[in-house]
There are 2 protein chains.
Amino acid sequence: MRLVIARCSVDYVGRLTAHLPPATRLLLIKADGSVLVHSDGGSYKPLNWMSPPCTLKEAPADDGTASWVVTNKAGEELRISIEEVLHDSSHELGVDPGLQKDGVEAHLQILLAENAEVLGEGWRVVRREYPTSIGPVDLLCKDAAGASVAVEIKRRGEIDGVEQLTRYLDLMNRDPLLAPVSGVFAAQEIKPQARVLAEDRGIRCVVLDYDELRGMDDKESRLF
Amino acid sequence: MRLVIARCSVDYVGRLTAHLPPATRLLLIKADGSVLVHSDGGSYKPLNWMSPPCTLKEAPADDGTASWVVTNKAGEELRISIEEVLHDSSHELGVDPGLQKDGVEAHLQILLAENAEVLGEGWRVVRREYPTSIGPVDLLCKDAAGASVAVEIKRRGEIDGVEQLTRYLDLMNRDPLLAPVSGVFAAQEIKPQARVLAEDRGIRCVVLDYDELRGMDDKESRLF
DNA sequence: GCTTGAATTTCGTCG
DNA sequence: CGACGAAGTTCAAGC
């Protein structure tokens with residue numbers, strides 16, 4: 001990894017065209033040739049960049065300035081004109097073991113599948129990732145009366161999720177072996193618009209409490 | 001901006017929990033206190049990070065190792081344990097003038113509006129961004145026979161775009177002054193699922209050639 | 001300030 | 001390898 005602090009201007013021509021006027025920035029060149037241009041603020045996203053695989057060519061000019069040209073196979077080009085270098089160092093980092101995550105949608109689905117009673121007393125899970133021709137339904141349940149319920153789980157419940165569940169319900173209700181199937185939209189947080197749309201379509205909304213679900217899981221583990 | 005190359009392990013507890021085992025990485029501390037942890041590969045996204053506004057507290061331990069704790073108002077926490085520092089430098093960058101972009105979807109819309117004949121012979125644009133109560137339709141056209149057509153334009157045509165257009169069509173077809181309104185889903189690239197859904201709903205799919213549209217535009221400019 | 005839709009999205013998984 | 005969906009999405013424009 002090479003770190004360069006330099007006064008530079010940057011031009012990108014590819015999926016769009018973009019330009020950065022001259023200013024002092026961090027230029028980060030990774031081992032795979034990818035380049036990140038960072039300013040001293042904003043978020044984790046660079047001002048501009050080139051993703052790997054790509055190649056960097058350094059072309060010194062007569063006037064002492066340098067030009068870096070980073071290209072990839074698709075013909076996208078990142079051109080960096082360097083006026084003044086304030087820092088330049090290289091470092092060996094090696095391969096990173098990578099990030100271990102916990103607590104995303106997949107986890108929510110597992111927890112809810114193990115605690116279907118959160119959705120209603122006497123409810124049970126028929127199966128997770130119930131397959132349909134347009135994709136898998138997160139949970140297929142049966143309520144206390146034995147009626148089928150399709151459950152769509154999201155971390156954040158927005159309008160797209162309601163549309164998705166609606167498509168599943170349309171399809172499943174055409175299957176005489178399954179119909180009638182009702183719907184539950186379950187999420188840690190449900191946006192008002194999504195709730196209105198869901199309820200207008202007769203879909204019940206359930207707000208999930210991740211910590212509570214995890215707690216129930218712990219209790220269950222302790223009991224058995 | 002402070003650049004630190006160090007052997008470290010990282011833990012994040014916030015919207016999820018995540019852990020990075022010990023390895024050598026770049027720690028980037030921006031002027032606003034935000035922190036980025038980068039490895040020597042991957043894309044522009046850091047392995048882990050804390051977005052501003054946040055505060056960094058450095059707590060030296062007895063055994064020579066240091067611990068950085070970065071927290072924000074929401075109670076999220078990024079904890080970095082540093083075993084060995086290989087590089088540490090600070091730099092004044094100043095405020096960045098920022099990125100100037102030159103559009104994608106907006107540009108597509110302009111080009112298509114100027115070349116409606118791409119959609120069909122004798123077609124004309126009634127207006128761009130035609131307002132409805134649930135949002136603007138990209139293009140409202142009339143075909144050669146004078147029938148109304150709503151056009152949804154995307155760079156990448158996916159299922160969401162079809163849903164969006166469907167909602168517009170449902171609404172517009174309730175307006176007796178407008179109905180009947182048919183739909184066209186236009187994109188540089190249309191995913192198979194989106195195409196199937198669109199055509200199932202009687203929406204025509206049109207793949208746009210950005211370069212060709214631009215070329216037509218040039219020709220037109222030269223003629224007048 | 002909140003909501004909505006796009007992104008040079010990136011990143012994973014699954015077929 | 002492509003397609004599809006999630007993301008600590010982030011980002012920008014509208015209201």
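In the text below, chain A, chain B and the rest are named by the order of the sequence lines, each starting its count at 1.
Checking side-chain atoms of B:Asp40 against main-chain N and O of A:Gly94 turns up no donor-acceptor pair under 3.5 Å.
Under the salt bridge (Lys or Arg N to Asp or Glu O under 4.0 Å) criterion, A:Asp96 pairs with B:Arg25, sequence neighbours left out. Remark: B:Glu83 pairs with B:Arg7 by the salt bridge (Lys or Arg N to Asp or Glu O under 4.0 Å) rule, at least two apart or across chains. For B:Arg167, the side chain to side chain donor-acceptor pair (under 3.5 Å) partners at least two apart in sequence or on another chain are A:Glu163. A search for salt bridge (Lys or Arg N to Asp or Glu O under 4.0 Å) contacts involving B:Arg2 returns B:Glu58, B:Asp88, not counting sequence neighbours. Considering only residues two or more places apart in sequence or on other chains, A:Thr166 meets the side chain to side chain contact (heavy atoms under 4.5 Å, CB included) condition with A:Val162, A:Asp170, A:Arg201, A:Ile203. In terms of the salt bridge (Lys or Arg N to Asp or Glu O under 4.0 Å) criterion, A:Arg128 has no residue partners (sequence neighbours excluded). Take B:Trp123 and apply the ring pair (Phe, Tyr, Trp, His ring centres under 6.0 Å) test, not counting sequence neighbours, and it matches no residue. Contacts of B:Tyr130 classified as ring pair (Phe, Tyr, Trp, His ring centres under 6.0 Å), with partners at least two apart in sequence or in another chain: none. Residues passing the ring pair (Phe, Tyr, Trp, His ring centres under 6.0 Å) test with B:His91, sequence neighbours excluded: A:His87.
For A:Glu76 and C:dA7, the CD to C1' distance is 13 Å, given to the nearest whole Å. Distance A:Asp160 CG to C:dG5 P: 8 Å, rounded to the nearest Å. One interatomic measurement links the two molecules: CG of A:Asp138 to P of D:dC4, which rounds to 17 Å at whole-angstrom precision. Between B:Ile153 atom CD1 and C:dA6 atom C1' there is a gap of 14 Å when expressed in whole angstrom units. The nearest whole Å value for the distance from the CD atom in B:Glu163 to the P atom in C:dA6 is 13 Å. Atom P of nucleotide C:dA7 and atom CG of B:Leu99 are separated by 14 Å, given to the nearest angstrom. A straight line from CG of B:Leu47 to P of C:dC11 spans 10 Å, rounded to a whole angstrom. As a whole-Å value, the separation of A:Arg128 CZ from C:dC14 P is 11 Å.
Side-chain atoms of B:Lys154 and B:Gln188 include no donor-acceptor pair closer than 3.5 Å.
Residue order along DNA chain C, read from the 5' end via each residue's closest nucleotide, puts B:Lys154 first among A:Ser51 and B:Lys154.
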Could I get a table of every N or O pair under 3.5 Å where one atom is in the protein and the other is in nucleotides 11-15 of chain D?
| from | atom 1 | to | atom 2 | distance (Å) |
| --- | --- | --- | --- | --- |
| D:dC11 | OP1 | A:Ser43 | OG | 2.2 |
| D:dC11 | OP2 | A:Ser43 | OG | 2.9 |

Every protein N/O within reach of nucleotides 1-4 of chain C N/O, cut-off under 3.5 Å:
| from | atom 1 | to | atom 2 | distance (Å) |
| --- | --- | --- | --- | --- |
| C:dT4 | OP1 | A:Gln193 | OE1 | 2.5 |
| C:dT4 | OP1 | A:Gln193 | NE2 | 2.4 |

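For the segment residues 12-24 of chain B, residues with any heavy atom less than 4.0 angstrom from an atom of DNA chain D are, sorted by number, B:Tyr12, B:Arg15, B:Leu16.
Within the structure, a side-chain polar atom (N or O) of A:Trp49 is placed less than 4.0 Å from OP1 or OP2 of C:dT10.
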